[in-house]
> 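Structure incoming, see below.
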Amino acid sequence: LSGIMGNISASDIERVIHVSRQFCAPGATVLWTRGAQEPDLGPDIRRWFGEAGFTEVACDEWIEGTGMRVGVEQLTEPPEPLVPGQPIFTFYR
């Protein structure tokens with residue numbers, strides 16, 4: 001989920017995190033990024049992953065020279081069945 005979270009709304013970020021279980025195999029690893037823009041949604045993103053059945057493996061709060069946060073999450077709950085045709089997010093930038 002890299003290159004998405006800086007271009008969609010907070011509610012869409014939360015939705016894409018929860019929907020991502022539909023695209024994962026059991027035990028999948030998900031990488032995510034979010035730039036250092038306001039509002040700082042990093043703590044929310046980390047919480048949303050936990051609520052969605054993921055366990056944080058790592059999170060680097062500041063990648064030197066980039067202003068990026070990078071997280072690694074592992075799916076620890078069962079994947080969910082794919083629901084075709086549901087909107088996931090809308091790019092606003």
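Predicted model, so just to flag it, every value in this text is computed and none were measured.
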> Nearest 0.5 angstrom please: Trp48 CH2 to Leu41 CG, how far?
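Answer for the CH2-CG pair, Trp48 versus Leu41, is 5.5 Å.
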> Please tell me if the side chains of Pro79 and Pro26 come closer than 4.5 Å, counting only heavy atoms from C-beta onward.
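Yes, at least one pair of side-chain atoms sits under 4.5 Å.
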> I need the minimum non-hydrogen distance between Ser20 and Phe54, along with the two atoms involved.
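Closest approach of Ser20 to Phe54: OG-CZ, 3.5 Å.
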> What is the distance from atom CD of Gln37 to atom CZ of Arg69, rounded to the nearest 0.5 Å?
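Going from the CD atom of Gln37 to the CZ atom of Arg69 covers 10.0 Å.
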> Using the side-chain contact (heavy atoms from CB on, under 4.5 Å) rule, pick out the option among Thr33, Ile17, Asp40 that qualifies with Ile45.
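Per the side-chain contact (heavy atoms from CB on, under 4.5 Å) rule, the option paired with Ile45 is Ile17, out of Thr33, Ile17, Asp40.
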> Quick one: which residue pairs count as a salt bridge (Lys or Arg N to Asp or Glu O under 4.0 Å) with a foot in residues 4-16, not counting sequence neighbours?
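Every salt bridge (Lys or Arg N to Asp or Glu O under 4.0 Å) pair that includes a residue of residues 4-16, provided the two are not neighbours, is Asp12-Arg15.
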> Give me the ring orientation class for Trp32 and Phe49: parallel if the planes are under 30° apart, tilted from 30 to 60°, perpendicular past 60°.
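Geometry flag for Phe49 against Trp32: parallel rings.
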> Nearest 0.5 angstrom please: Ile13 CD1 to Phe89 CZ, how far?
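Ile13 atom CD1 to Phe89 atom CZ measures 10.5 Å (nearest 0.5 Å).
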> Out of the candidates Arg46, Arg47, Gln74, only one should pair with Glu56 under the side-chain hydrogen bond (donor to acceptor under 3.5 Å, both in side chains) rule; please name it.
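So the option named by the test is Arg46.
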> Can you name the one residue among Glu80, Glu51, Glu77 that meets salt bridge (Lys or Arg N to Asp or Glu O under 4.0 Å) with Arg21?
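Among Glu80, Glu51, Glu77, the one meeting salt bridge (Lys or Arg N to Asp or Glu O under 4.0 Å) with Arg21 is Glu80.
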> Check Leu75 against Ala25 and note the closest heavy-atom contact, atom names and distance.
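Distance-wise, the nearest heavy atoms are CD2-O, 3.8 Å.
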> Give the cluster check for Leu1 versus Val83: same hydrophobic cluster or not, with ILVMFWY residues linked at side-chain heavy-atom distances below 4.5 Å.
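Different clusters: Leu1 never reaches Val83 through Ile, Leu, Val, Met, Phe, Trp or Tyr contacts under 4.5 Å.
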> Suppose clustering is done on Ile, Leu, Val, Met, Phe, Trp and Tyr with side-chain heavy atoms closer than 4.5 Å. Which residues sit in the same group as Leu31?
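Besides Leu31, the cluster holds Val57, Val72.
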> What is the minimum heavy-atom distance between Pro84 and Leu82, and which atoms define it?
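Heavy-atom minimum between the residues: CD-O, 3.3 Å.
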> Roughly how far, to the nearest 0.5 Å, is the CZ atom of Arg34 from the CG atom of Asn7?
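That separation rounds to 9.0 Å.
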